[in-house]
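Whatever order the structure lists ligands and atoms in, that order sets their numbers, starting from 1.
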Amino acid sequence: MKLSVVIPLYNEVKNIPPLLEEIFQALQPTGWPYEIVAVDDGSRDGTFELLQKELARFKYFRLVRFRKNFGQTAAMAAGFDQAAGEVIITMDGDLQNDPADIPRMVEKINEGFDIVSGWREKRKDPFLTRRLPSHLANKIISWVTGVKLHDYGCTLKAFKQEVAKHIRLYGEMHRFIPAIASWMGVDIAEIPVNHRPRKFGRSKYGLSRTIRVILDLITVKFLLTYSTRPIHVFGLWGIVSGFSGLALALILSLQRLFGGTPLSNRPILLLAILLIFIGVQFISIGLLGELQVRTYHESQNKPIYFIKEIVENGDPASGDR
Ligand code: UDP
Ligand code: MG
């Protein structure tokens, strides 16, 4: 299978007929064998029933139905798990992404990139509630994660299979897929794609997601930088805090013992105690984190590295040495 098109769908019944038609029109001329992987995320408007009717329209069509609404990230993760294509495309099911962009993205993957991300250069969404917060979020994400893209929120993306299959998604992390994947060491390209206003159905998100994006960003940053060495982040602050507390306590003790200054009216003593406590706690958290990291990687046989390729001359295991 050359290509899998993964589409999360939640109450998009009116969009389905034109969506499938556009995908067909876009991919048929390429001649590539492709499959549709539609994930119905617990829709209640007949999305599943309609998709079921359309199954026979494509040679390969896999329809996954969730028991309830698990969210777009979960739907995309299920799509990745089910997809069999060498290249995996993700796109929205609301026609805001244009299937006509898919062949260009696949060509970019063929050029050797691991991820090709769509950039909605001329985005057709309301300014104040969507484009402005998203613009700010993009700037922050790019600065914090170090993965330089213009547009993280665009679902239209292409992945090499080996990359997509290794991405573990939680919460609402689908926005951070390029950042999460950057941990594996991937080549990412960004190309401008068409974007259209939503015609049918309504958007599932509002302004409230901004805060969740920020919280997710903190998690991603932590996982990216310190997930294999938590003691370095907690321990550093633990040492800084613990030693300043100790130094302060030492000064106060010396003043008390040799200068005769009483401690009873010196609130700074509390600060010294607090700093020592925080120091001990941070270092303990760091050590617990180190335990967690080992459990995390070893219980699932998760490597702490990813190999691109191995080039060798002769196989020492088979030949005589
Ligand atoms: N979606 C989903 N589950 C959800 C919310 C959204 O599968 O809980 C799908 C939705 O059907 C659409 C895509 O995710 O295909 C993007 O959602 P939406 O268009 O509401 O997001 P926006 O374009 O407004 O950011
Ligand atoms: Mg949309």
Student: In the protein, which heavy atom is nearest to atom 12 (C) of ligand 1, and how far is it?
Tutor: Glu12 OE2, 3.4 Å
Student: Identify the protein heavy atom lying closest to atom 14 (O) of ligand 1, giving its residue, its atom name and the separation to 0.1 Å.
Tutor: Gln72 CD, 3.2 Å
Student: Does NZ or CZ of Arg65 come closer than 6.0 Å to the centre of the six-membered ring of Phe48, within 45° of the ring's axis?
Tutor: yes
Student: Looking only at N, O or S atoms, find the one in Asp94 nearest to the Mg ion (ligand 2) and name it.
Tutor: OD2
Student: Starting from atom 20 (O) of ligand 1, which protein heavy atom do you reach first, and at what distance in Å?
Tutor: Lys204 N, 2.7 Å
Student: Compare every heavy atom of Val144 with every heavy atom of Leu217, then report the nearest pair and how far apart it is.
Tutor: CD2-CG2, 4.0 Å
Student: So, regarding Arg202 and ligand 1 (criterion: nitrogen or oxygen to nitrogen or oxygen, under 3.5 Å), is there a contact or not?
Tutor: no
Student: Which of the atoms in ligand 1, numbered in the order shown and given with their element, are less than 4.0 Å from a heavy-atom of Asn69?
Tutor: 3 (N), 4 (C), 8 (O)
Student: When you measure from atom 1 (N) of ligand 1 to every protein heavy atom, which one gives the shortest distance, and what is it?
Tutor: Tyr10 CB, 3.8 Å
Student: What is the nearest protein non-hydrogen atom to atom 16 (C) of ligand 1, stated with its residue, atom name and distance?
Tutor: Asp92 OD1, 3.3 Å
Student: Please answer whether the main-chain N or O of Arg120 pairs with a side-chain N or O of Asp151 as donor and acceptor at a distance below 3.5 Å.
Tutor: yes
Student: Is Arg209 positioned over the aromatic face of Tyr205, cation under 6.0 angstrom from the ring centre and no more than 45 degrees off axis?
Tutor: yes
Student: Tell me whether the centres of the aromatic rings in Tyr226 and His232 are closer together than 6.0 Å.
Tutor: no
Student: Could you find the nearest protein heavy atom to atom 24 (O) of ligand 1 and give me its residue, atom name and distance?
Tutor: Ser203 OG, 2.6 Å
Student: Using distance alone, decide if ligand 1 has a nitrogen or oxygen within less than 3.5 Å of any nitrogen or oxygen in Pro8.
Tutor: yes
Student: Among all protein heavy atoms in this structure, tell me which lies nearest to atom 25 (O) of ligand 1, with the distance rounded to 0.1 Å.
Tutor: Arg130 NH2, 2.9 Å
Student: Whether Lys308 engages the ring of Phe306 as a cation-pi pair (distance to the six-membered ring centre under 6.0 angstrom, angle to the ring normal within 45°) should be assessed.
Tutor: no
Student: I'd like the name of whichever of Phe70, Phe66, Tyr205 reaches closest to atom 21 (O) of ligand 1 through any heavy atom.
Tutor: Tyr205
Student: Would you check whether Met91 reaches within less than 4.0 Å of ligand 1, judged by its heavy atoms?
Tutor: no
Student: Report the nearest protein non-hydrogen atom to atom 4 (C) of ligand 1: residue, atom name, distance rounded to 0.1 Å.
Tutor: Asp41 OD2, 3.4 Å
Student: Under 2.8 Å from the Mg ion (ligand 2), is there an N/O/S atom belonging to Ser203?
Tutor: no
Student: Should we count CZ of Phe277 as having more than 12 external heavy atoms under 6.0 Å?
Tutor: no
Student: Any N/O of Arg198 closer than 3.5 Å to an N/O of ligand 1?
Tutor: yes
Student: For Val186 and Ala181, work out which heavy atoms get closest and say how close.
Tutor: CG2-O, 3.6 Å
Student: I'd like to know if the side chain of Arg196 reaches the main chain of Asn97, judged simply by a donor and an acceptor atom lying under 3.5 Å from each other, with no hydrogens or angles considered.
Tutor: yes
Student: Give the numbers and elements of all ligand 1 atoms closer than 4.0 Å to a heavy atom of Gln96.
Tutor: 19 (O), 23 (O)
Student: Applying salt bridge (charged side-chain N to carboxylate O under 4.0 Å, His left out), run through Glu190 and Lys157 and close with a yes or a no.
Tutor: CA-CA 9 Å; Glu190 191 177 40; Lys157 290 188 173 77; over 6 Å; no
Student: Taking the non-hydrogen atoms of Arg209, is any one of them nearer than 4.0 angstrom to ligand 1?
Tutor: yes
Student: For Asp125 and Gln96, which I'm curious about, is there any donor-acceptor pair between the side chains at under 3.5 Å?
Tutor: yes
